[in-house]
Amino acid sequence: MKFNNRNVSISDKAKIGKNVKIGDNTVIYDNVIIGDNSIISNDCIIGEPLNDYYFKDDYVNPETIIGENALIRSHTILYAGSRFGNNFSTGHRVTIRENSVFGNNCRLGTVTDIQGHVTFGNNCWLHSNVHIGQKSTIGNFVFIYPYVVFTNDPTPPSDVCIGATIGDFSQIAVGTVLLPGTVIGKHCLVGAQSLVGGNYEDYSLILGNPGRKIKDVREMKSRETGKSHYPWPYNFSRGLPWEKEGFDEWKKENGYEND
Amino acid sequence: MKFNNRNVSISDKAKIGKNVKIGDNTVIYDNVIIGDNSIISNDCIIGEPLNDYYFKDDYVNPETIIGENALIRSHTILYAGSRFGNNFSTGHRVTIRENSVFGNNCRLGTVTDIQGHVTFGNNCWLHSNVHIGQKSTIGNFVFIYPYVVFTNDPTPPSDVCIGATIGDFSQIAVGTVLLPGTVIGKHCLVGAQSLVGGNYEDYSLILGNPGRKIKDVREMKSRETGKSHYPWPYNFSRGLPWEKEGFDEWKKENGYEND
Amino acid sequence: MKFNNRNVSISDKAKIGKNVKIGDNTVIYDNVIIGDNSIISNDCIIGEPLNDYYFKDDYVNPETIIGENALIRSHTILYAGSRFGNNFSTGHRVTIRENSVFGNNCRLGTVTDIQGHVTFGNNCWLHSNVHIGQKSTIGNFVFIYPYVVFTNDPTPPSDVCIGATIGDFSQIAVGTVLLPGTVIGKHCLVGAQSLVGGNYEDYSLILGNPGRKIKDVREMKSRETGKSHYPWPYNFSRGLPWEKEGFDEWKKENGYEND
């Protein structure tokens, strides 16, 4: 239904891998490289030129690299000059600006807005309507829920830009704002609608406005089981690399012994 | 201006009612049924195929049913497998996923994002940029204001999915987050930017973080009138079925005697 | 790459200035006037007809005036009946409804949603995903950060509509909600995720839920410099008219002596 080559435009300076599908009304600009077996759905813009394009006659679009097996849903805009690992997927209307780097197996939800100049590890899942400011650094297996905002200017407006840093396996719940320069360790959980600044050690449960470490996530108790759901990788594996062998076994094999 | 049949694509497996207008650049996919006198504006996608479409050769698009007199504004994406009552309207860039059921006279604002597997009664009005998680159940005459988020996972990430339930006539003000499994009675008012969890009885005024019942909405006093604006149907009727006869008369005739 | 006249539609009732570029898939409706040297990128809708268009045979699209040197990024929808000064720019997917008036040098970020019937002065910068309700009045050099919402109905739902008013040079940080009728003076700073109502005098630092004046912004101390960053125009000038001569000199020459 979507792949009829209707109103499609592909630059002859783009390199399209084997078995790639490109949906109707989609545009692929100069110097985009798309890996094998990827799907770019309809109405997408891949390799969106940077601001200079509008004003400089000798503008050259920087390289945009999308790995294998991508699934880019409709109306997504990926700026030129970013790099996406294998199995990258987006919901509808995602916008990602230049100089963004994503590892493998990352997923972004509808309307999510990545401001560029950011780094994500592997297996990060961002839900709908997440906003990531420039200079943010996000580890592996970090999940970010709807309407979370990462900021970077401590005294707006200024020329200072200090992003947040998030450790592996941490979870940032819905509606939370991270203040500039926030550093969150590994395996933390930030509760819904918190306003978080400062440094937080591994395994922190962080809540409130201002966000404070309330306890160790391993001390949380489920009403049903009497045990903590965290570290969550022991209790959730759908779509994750330890799905079959379990987290302990996977950790040993993948250099996460200390996590 | 909008209905020139320019770059329009309509599946021959779609059923289009009488006097339906379909805007330029719009796509209607397989097994969409559109009721008489509906307007689908430009750049819309109706019957967006589900995830399986990308991966299964024998994919069949489930039925999408839109009632009479719809007004779907531009860039809206309605997934296949949902059902919309009569007089359904959307703002621009609305996204509604599969297995969503809407009664009659529902209105959704710009960028609102319905995650699917949800049920809405009649006459629900959602403003701009509302996010409704899966398994939410919303009654009749419920109005939801901008940047409200309905969540469903009590210990993210997990495989548990428990949506919120909202009773008839309740109002959820701007920027509020509803935690998983929240149950709100009838005629409640949830104040702006609240973080709400738990069960709330009919006529509750709910405020704060954590959200608490502050008082009965009928005890609120307006500075101007000295009386409560709530239950609001006595004081607001524009575009509602009791506009002419008044709420008391309408209640008797429509089975809402106890509300 | 963007300006190939592919699937473009321009009303013969539109007036396009000299050296204007119009991107692929863009539509310009009746009675749009675009100033010289403007760029309307791809997939935009300029002069979106008002609601009456769908229902009245004798509908005439009101005039839409865009000044010189505009840069309207892709997927932006500008309703008919609004006026934009010179050097107006938008990010992607901005929506601006009718009867909106913008001065010169205003910039709006991705997905920002202006509900119409609003007034902005000169040099206002709105970041991503800002929501401005009807009847808001915003001065000059006001910057508004992501996920800020301006509301207007004190007792939802009602027919009352009282917008917020913001004085020159004030800054509204990320995730803040302004309640109906809020009046903020000049040179104020509203902190992140605040819930703000009432009247605030010039130079207020406003924080919290409920938002309160904490101190005078001139009394704030930077850890690095020991001095206040505010009034910010003394410490930030990139892209602003006092960039070369400094704020004091510019104030004298431009009638801002008392600011």
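In the text below, chain A, chain B and the rest are named by the order of the sequence lines, each starting its count at 1.
Side-chain atoms of B/Pro62 and B/Glu98, non-hydrogen and from C-beta on, never get closer than 4.5 Å to each other.
Listed by chain and residue number, A/Val148, A/Ile172, A/Leu178, A/Val190, A/Ser194, A/Val196 satisfy the side chain to side chain contact (heavy atoms under 4.5 Å, CB included) test with A/Thr176 (two or more places apart in sequence, or in another chain).
Residue contact with chain A, scored on non-hydrogen atoms closer than 4.5 Å, involves the side chain of B/Tyr59 exclusively. For a residue to count as touching a neighbouring chain, one of its non-hydrogen atoms must lie under 4.5 Å from one of that chain's; by this rule A/Gln193 touches chain B with backbone and side chain alike. Both the backbone and the side chain of B/Asn129 come within contact range of chain A, judged by heavy atoms closer than 4.5 Å. For chain B, no part of A/Asn4 is nearby; none of its heavy atoms comes within less than 4.5 Å. Contacts of B/Phe150 with chain A are absent, with no heavy-atom separation under 4.5 Å from either backbone or side chain. The parts of B/Val177 that come within reach of chain A are both its backbone and its side chain, each placing non-hydrogen atoms under 4.5 angstrom from that chain. With a 4.5 angstrom heavy-atom cutoff, B/Ser158 touches chain A via backbone and side-chain atoms both. Using a 4.5 Å cut-off between heavy atoms, A/Asp24 makes no contact with chain B at all. In this structure, the portion of A/Tyr145 lying under 4.5 Å from any heavy atom of chain B is its side chain and not its backbone. Interface remark: A/Asn235 contributes no atoms to any contact with chain B (heavy atom separation under 4.5 Å). Only the side chain of B/Asp113 comes within contact range of chain A, with at least one heavy atom under 4.5 Å from a heavy atom of that chain. Of the two parts of A/His75, only the side chain, counted from C-beta on, holds a non-hydrogen atom closer than 4.5 Å to a non-hydrogen atom of chain B.
A salt bridge links B/Glu48 with A/Lys2; the closest basic N to acidic carboxylate O contact falls under 4.0 Å.
A/Thr76 and A/Thr90 share a donor-acceptor pair across their side chains, judged by distance under 3.5 Å alone. Side-chain atoms of A/Asn86 and A/Asn69 include no donor-acceptor pair closer than 3.5 Å. Between A/Asp248 and A/Tyr234, the side chains place a donor N or O and an acceptor N or O closer than 3.5 Å (distance only, hydrogens not considered).
Considering all non-hydrogen atoms of both residues, A/Gly67 and A/Ser38 come closest at O-OG, 3.0 Å.
Per-residue heavy-atom pair counts under 4.5 Å with chain B were compared for A/Met220, A/Arg6, A/His127, and the maximum is reached by A/Arg6. Chosen from A/Arg73, A/Lys21, A/Gln171, the residue pairing most often with chain B at heavy-atom distances under 4.5 Å is A/Gln171. The greatest number of non-hydrogen atom pairs below 4.5 Å with chain A, out of B/Asn209, B/Asp159, B/Asn25, is found for B/Asp159. Ranked by heavy-atom pairs under 4.5 Å with chain A, the first of B/Asp153, B/Val111, B/Asn61 is B/Asn61. For the set A/Leu189, A/Asp43, A/Asn42, the entry with the most heavy-atom pairs within less than 4.5 Å of chain B is A/Asn42. The candidate with the highest count of non-hydrogen atom pairs below 4.5 Å against chain A, out of B/Leu179, B/Val27, B/Asp30, is B/Asp30.
A perpendicular orientation is assigned to the rings of B/Tyr79 and A/His92, their planes being inclined by more than 60° (bins at 30° and 60°). The aromatic rings of B/Tyr147 and A/Tyr147 sit perpendicular to each other, their planes meeting at more than 60°, with 30° as the lower class boundary.
The six-membered or imidazole ring of A/Phe247 lies near that of A/Phe169, with a centre-to-centre distance under 6.0 Å. In this structure, A/Tyr256 has its ring center no closer than 6.0 Å to that of A/Trp242.
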